Amino acid sequence: MENPCTIEGPAGRTLQAMRLAGPREWVGLALLSLPTILLGLDLTLLHLALPALAIDLRPTSVQALWIVDAYGFMIAGFLITMGTLGDRIGRRKLLMIGAVAFGIASVLAAYSTSAAMLIAARAALGVAGATLMPSTLALISNMFVNHHQRALAIGVWATMFALGMAAGPVVGGVLLDHYWWGASFLVAVPVVGLLLVSAPFLLPEYRAPQDGRLDILSVILSLLALLPIIYGIKQISKDGLSTGTTLAIAGGLAFVILFVRRQRRLESPLIDLNLFTSRAFSVALVVLLVGLIGVGGTMLLVTQYLQLVSGLSPLMAGLWMGPPALAMLAAGITAPLAARRIRPGYVIAGALGLSVIGYLMLARLENEPSGVALVTAAFSFVYLGLGTIAALGTDLVVGAAPAEKAGSASAMSETLQELGLAVGIATLGSLTTAVYRNRMFDQIPDTLAHDVHKAVGDSLAGASSVAQELPPGLLEEAQAAFTAGFNVAAATSAVSISILSILAAVTLRHVGTDSDEAVESKQGQNQQPNDAS
């Protein structure tokens, strides 16, 4: 695909003459949406399949956790490496290699005969998934060189992942009604087949014009930096702060310092730190990180409320999450269109303001039958903000990077989003648990058996697991305590997202609209004859 040509204007501005994408590019976008949806599906499909596979594979409690976590853990750890690798060897080539690996790992997961085999397959799925995410986004930047078409395309792409996550419980429920648990992994096979057949005809190839080799030591340092930090954050969300988690996070941060120092010395670094000199790039990454912290923690609490407080089945809870997913889809598509006339910073700030309304609604949530409808409405507001920052924030990150760094920039935005989700689950989940335990401290009768007493005092999930052994009214007390914790977590998110909204409006106000650029272009053309004379 041809690179956009540039015209040097007399006013010192560079005007880009970019051709519009045609039908082939838009069909190619639809093709790239398939693996994106697939990655989202794989995160939530397994939740419904866990009870069934537990009967067959009999995992220990630790193995059960790793069956769920290995996938996202490896994705987050390998994103930066795979994003840069795609820039070096070719983005379409890496996408196709990753698709083949994803298909093979999916089949191995479906036919696993032991918990250890399934964990290994899930880890392989994560590494393969890390090749797909930055490759799809970087290819979009090649296919859509016109900036407002690129923003719209990224908006569509950004919503597909969340749409896949929302559809996971529904698709999983349908599959489990008719097939065995392994069928949830085989959904990937036809998608991979379609991608491999169509990609050579619909997707361009792009490889950065540089001769530098991939620095293996930088890859190792990036893994030693990211994996311990992500592991520590995930463990905090499950077991609270401990010496082990503190050491893991501290060790990861030490390797972050070593990684950054090495990048500054290399001619062809794994991450070009000069990208952070762009204010739009840096602020957009902060918006994505903090925005996803609020969403990640709240998403966990919403799913727990729908199932443990409102008593919905996983399938029904997934269906009630449909309207928020549609709200995100609408925001992801309309936000880039609005940003053509309104400065992106103001669009992001306004959408985050809608998210604040949603968080405030959740902060007033009570333990009553109407709670399901309120949660769905509130979370739809939250997802309106998420769709906007996912579309415009990602576009600002990718747009601020030169073409040869698009894969690396894409990987950084996705890594921070994964990190934001993990931090959100850890912080807001821990805050809710702390409120729950404080409320339940004096409510649990001393006459309960030790294991029952411990389960009720630990969490609402624990109380629900021993509901048959509880005296009348105690489970309702546990549900009320959880709801109170949810209220505090939502209020905390409302405050942090309010601050983020102001930050976006102030620091991104310099990013102009299409109208601004058209005026500047016309002024530059009008000045040309005078300057020439």
Side-chain angles (χ1 to χ4, degrees), residues 1-7 15-41 86-87 90-99 131-164 167 188 190-207 325-326 328-341 344 387 390-392 394-399 401 403-404 406-407 409-410 513-515 517-518 521:
M1 181 174 291
E2 294 180 0
N3 291 327
C5 61
T6 59
I7 303 172
L15 307 177
Q16 291 193 333
M18 298 181 174
R19 70 174 182 84
L20 295 177
R24 177 185 175 187
E25 285 78 16
W26 290 106
V27 176
L29 175 63
L31 180 65
L32 289 175
S33 296
L34 294 178
T36 307
I37 294 175
L38 186 63
L39 291 170
L41 277 171
D87 291 339
R91 292 163 185 170
R92 188 181 67 188
K93 179 187 293 185
L94 183 64
L95 177 67
M96 296 179 70
I97 292 173
T131 69
L132 301 180
M133 294 180 76
S135 296
T136 54
L137 185 53
L139 282 170
I140 287 173
S141 72
N142 297 137
M143 295 159 61
F144 297 90
V145 291
N146 178 274
H147 69 280
H148 60 76
Q149 280 195 330
R150 184 193 66 218
L152 181 58
I154 288 177
V156 174
W157 174 90
T159 58
M160 291 301 103
F161 183 75
L163 203 61
V191 174
V192 167
L194 180 60
L195 181 65
L196 293 177
V197 171
S198 305
F201 303 100
L202 294 174
L203 304 179
E205 181 58 288
Y206 182 91
R207 185 170 60 190
L326 292 176
M328 180 178 176
L329 179 63
I333 294 174
T334 58
L337 299 177
R340 297 181 184 182
R341 298 296 177 186
L392 295 183
T394 303
D395 181 56
L396 288 172
V397 170
V398 175
E404 65 272 13
S410 303
T513 64
D514 286 357
S515 299
E517 293 173 5
S521 173

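All heavy atoms count here, side chains included; hydrogens, waters and symmetry mates do not. Keep in mind it's a predicted model, so treat the numbers as computed, not measured.
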So CZ of Arg24 and CG of Leu203: to nearest 0.5 Å the spacing works out to 8.0 Å
On a heavy-atom basis, the closest approach of Leu94 and Ser135 is CD2-OG, 3.7 Å
In terms of heavy-atom contacts, Met160 and Leu329 come closest through CE-CD1, 3.7 Å
Taking Arg91 for the side chain and Gly86 for the main chain, is one N or O donor matched with an acceptor at less than 3.5 Å?
no
In terms of heavy-atom contacts, Gly155 and Ala391 come closest through CA-CB, 3.4 Å
CG (Asn142) and CZ (Arg150) are apart, to the nearest 0.5 Å, by 11.0 Å
One should read off an interatomic distance between Met133 CE and Thr36 OG1, to the nearest 0.5 angstrom, of 7.5 Å
Judged by modelled atom types alone, do Trp157 and Ser33 share a side-chain donor-acceptor pair under 3.5 Å?
-> no
- Item | Within the 6.0 Å centroid threshold, strictly below: Trp26 and Phe144 | yes
Handout entry: Test log, rule side chain to side chain contact (heavy atoms under 4.5 Å, CB included), inputs Leu34 and Leu195
Key = CA-CA 8 Å; Leu34 294 178; Leu195 181 65; over 6 Å; no
Rounded to the nearest 0.5 Å, the OG1 atom of Thr136 sits from the CE atom of Met143 at a distance of 10.5 Å
Could you go through the side chain to side chain contact (heavy atoms under 4.5 Å, CB included) check for Leu95 and Thr131 one step at a time?
-> CA-CA 6 Å; Leu95 177 67; Thr131 69; over 6 Å; no
